[in-house]
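Worksheet: one structure, shown below.
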Protein chains: 4
Amino acid sequence: MLSKSERTKKMILEKATELFIQKGYSAVTMKDVCEATGLSRGGLYRHFRSTGEMIISLIRAEQQNADNEFKEALAEGKSALQILDLFIDTHNRFLLSPKSALELAANQFALLDEKGKQINAERAWTTVKRTSHLVRLGQEEGVFIDGDPDSIAWHIVLFLGGLRTKTALDGAEPAFIYSQTNWIRDFLLKPNFK
Amino acid sequence: MLSKSERTKKMILEKATELFIQKGYSAVTMKDVCEATGLSRGGLYRHFRSTGEMIISLIRAEQQNADNEFKEALAEGKSALQILDLFIDTHNRFLLSPKSALELAANQFALLDEKGKQINAERAWTTVKRTSHLVRLGQEEGVFIDGDPDSIAWHIVLFLGGLRTKTALDGAEPAFIYSQTNWIRDFLLKPNFK
Amino acid sequence: MLSKSERTKKMILEKATELFIQKGYSAVTMKDVCEATGLSRGGLYRHFRSTGEMIISLIRAEQQNADNEFKEALAEGKSALQILDLFIDTHNRFLLSPKSALELAANQFALLDEKGKQINAERAWTTVKRTSHLVRLGQEEGVFIDGDPDSIAWHIVLFLGGLRTKTALDGAEPAFIYSQTNWIRDFLLKPNFK
Amino acid sequence: MLSKSERTKKMILEKATELFIQKGYSAVTMKDVCEATGLSRGGLYRHFRSTGEMIISLIRAEQQNADNEFKEALAEGKSALQILDLFIDTHNRFLLSPKSALELAANQFALLDEKGKQINAERAWTTVKRTSHLVRLGQEEGVFIDGDPDSIAWHIVLFLGGLRTKTALDGAEPAFIYSQTNWIRDFLLKPNFK
DNA sequence: CATGAATGAGAGTTCATTCAT
DNA sequence: GATGAATGAACTCTCATTCAT
């Protein structure tokens, strides 16, 4: 069972997530979180010293999640192509869900805060490493194109970053998202496997 | 010759550019611009009502520039491949220059301001149209891959957006930038033209 | 004629003086000064960024005053003994006036604030220099005791500091003050001049 | 042997002394003391309801000490001059030790807190009484100057107060301290005993 | 007796924006 | 047209202190 402090922390993060989705990162003030959680100023500060600390928690948790899913897929002995399709599917669903608005908050945080920059770099790097692992796997299976796995992974990550930002800002039609994420398949697969 | 008012406006934009490069968009206040330009509060407000108006001016001017360059290249009868290489080269140089930090300001503006969202969408759309035009040209010449030109253009624009954001945030080695922008060539050219 | 800004500044200092006398330094907040002057938060901050800046202004002005009085007395060709008696008289009157409560504020400032420490040291040093000058004068006239003028001056200044603090804290009867300041005469004068 | 409660109290006072020396009185919060002692909020409050109560304990103990030393010296049958030299020596050593910084805390307490004012007056009064006793002794022995013992004692106490404050604020060279405290001897002794 | 989560008041500070001169 | 004094709304952050467990 979670301690009282941990339960409060969890509750704060849930409310903060809603706020970040609604208003982005920078527009959410500590006062907003106080009101949303029903905590007093001092009570909130005991758990988080800034909205920055909250979003860091959220981003780290998300990374943790993605890493776990990838490890599970590997453990289940899935093929690179299966994992890729899973990966694309997860992305599509994320982009179409309201949670995609969190991307906007994460971007703001990276742009506004020195620590945010760091976290963002860390997040990118974790994602690249995971993707690079997948690319190597596919190359070993002879299904993915040749080339430096890191460079290929960065290409995909940068493209997805751009797509996520665009979606968060302007919204995007499902058809647009499907066709765009499909380029990743196109790009990665050797011609005879497309 | 420029009127006095136009010269003041130009001077304000130059100083504001420096500030945006140094501090990003959101950290620049009207007070900062007053101090940098030596104008009084009231004096500045006569020309721009907010830092948002300043950055809009800057973004529009940049778009105008890119459009002109493209039109010139077309007028000079350059081939799609030549224009593509020019385009990639311009990008590389932008990414390696201090001006790439302006991308960060433009992103912040898009993320923080309702009007900024609009301008950003407008900017993306202009860029996509231009790129799409180029893609069609290359397809007609039989050098570029087949597929919906708009979709292909969006893919490139989204990827470049991601790359620009990453560069502005973390910085990037020249080698990294060259290898990444080179994927565009790889992606666009038919196998036998690579 | 004073500029508008200078008039406002003067008015703020007058109101702040009243507040410092009533409540000491640390208990006076920027909000208090806003209310006392009728200025808005921002309006006050344009002139003084903290109550510390206000008290520094007051202390510096007081020093300026004392220096001017001393120079005048010298210019008028007064004897060391005459100046000493003037000096003691001025002190007695200060200690018996409500203004003596400002000493408390100045002490608090010195004790609470790093800058205040500095200003206090500066104030002590100025006073010592002035007193030392007087001592040398009296020694040249053959009326004051022998000894290092700086050391003698420090002795007087330290004693007066103690007396001022005590008066500000506990209050003091006129008779007590007269008898105490009179020790300075006793201490300085050669036996045959007492 | 001390009860558990008394041992905790003693430990708190030791840690608080360190804090007061480091930061003065006003900057030390109950939170600081919690952290320094390792006690919880509630635990600390059981022993002391405020930092004021702590410093009162410390000041009272110090007074007790000085009184005991004086009584011992009397009981040992020391002469007034011997006691004076002891007294000056003790002072010099105090002023040169890190403990002199506690004076600053005591001053802050006197200046900031109504109760502190009282304690300070009480402390001054105790010191004056003790000093006055010594003066009378020296006068009876025919070694000290004539005059009202209380007035003489106050003079010394006020001077030492000034010196202690100056030392705590600016620091002071040993030579300066020795020469200054030596004035007390000079002031008290009849010319033929100097 | 002890713990530590929570309260709530209030100080400080900054800025976009207005408007009398 | 320009100046710069002034407004007022918001937000951050910190503690002393209480009280359920």
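Letters A, B, ... are given to chains in the order of the sequence lines, protein chains preceding strands, and every chain is numbered from 1.
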All heavy atoms of C/L104 vs all of C/A168, minimum pair found to be CD1-O, 3.4 Å
State whether C/K31 places a side-chain N or O below 4.0 Å from either non-bridging phosphate oxygen (OP1 or OP2) of E/dA11. yes
Where along residues 36-57 of chain A does a heavy atom fall under 4.0 Å from DNA chain F? A/R41, A/G42, A/Y45, A/R49
Is any side-chain heavy atom of D/I12 less than 4.5 Å from a side-chain heavy atom of D/T8? yes
Hey, mind stepping through C/L111 and D/L169 against side chain to side chain contact (heavy atoms under 4.5 Å, CB included) and telling me if it holds? CA-CA 7 Å; C/L111 288 164; D/L169 276 175; 4.1 Å; yes
Report yes if at least one side-chain N or O of C/T8 is closer than 4.0 Å to OP1 or OP2 of F/dA5; otherwise report no. no
Would you kindly give the CG-to-P distance between C/D32 and E/dT13, to the nearest whole Å? 14 Å
For the side chain of D/E103 and the backbone of D/S100, is there at least one donor-acceptor N/O pair under 3.5 Å apart? no
Report the C-alpha distance between A/Q108 and B/Q108 in whole Å, list the side-chain angles of each, state the deciding distance to 0.1 Å, and finish with yes or no for side chain to side chain contact (heavy atoms under 4.5 Å, CB included). CA-CA 7 Å; A/Q108 283 186 342; B/Q108 282 187 342; over 6 Å; no
May I have the distance from D/E6 (atom CD) to E/dC1 (atom P), rounded to whole angstrom? 11 Å
Gap between atoms CE and P, on D/M30 and E/dT3 respectively (whole Å): 14 Å
Side chains of B/Q63 and B/E122, heavy atoms from C-beta outward: is any pair under 4.5 Å? no
Enumerate, atom names and distances included, each donor-acceptor pair closer than 3.5 Å involving a side-chain atom of residues 44-59 of chain A, sequence neighbours excluded.
unit_1	atom_1	unit_2	atom_2	d
A/S50	OG	A/G52	N	3.3
A/S50	OG	A/E53	N	3.2
A/E53	OE1	A/R49	N	3.1

Round to the nearest Å and state the distance from B/K9 atom NZ to F/dA2 atom P. 12 Å
Considering residues, nucleotides and ligands other than B/K15, do more than 12 of their heavy atoms fall under 6.0 Å from its NZ? no
What stems show up for DNA chain E when you take Watson-Crick pairs (N1-N3 plus N6-O4 or O6-N4) and G-U wobbles (N1-O2, O6-N3), both under 3.5 Å, and require three or more consecutive pairs? E:2-21 with F:2-21
Before you tell me yes or no, could you show the steps for D/K23 and D/D32 under side chain to side chain contact (heavy atoms under 4.5 Å, CB included), namely the whole-Å CA-CA distance, both residues' side-chain angles and the distance that decides it to 0.1 Å? CA-CA 11 Å; D/K23 316 171 72 172; D/D32 290 334; 2.9 Å; yes
Which whole-number value in Å describes the distance from B/M11 CE to F/dA2 P? 11 Å
Between F/dA6 (C1') and C/E35 (CD): distance, integer Å: 17 Å
What is the distance, to the nearest angstrom, from the CG atom on D/L19 to the P atom on F/dC15? 13 Å
Report the residue (D/T29 or A/V28) whose heavy-atom-nearest nucleotide on DNA chain F is the more 5′ of the two. A/V28
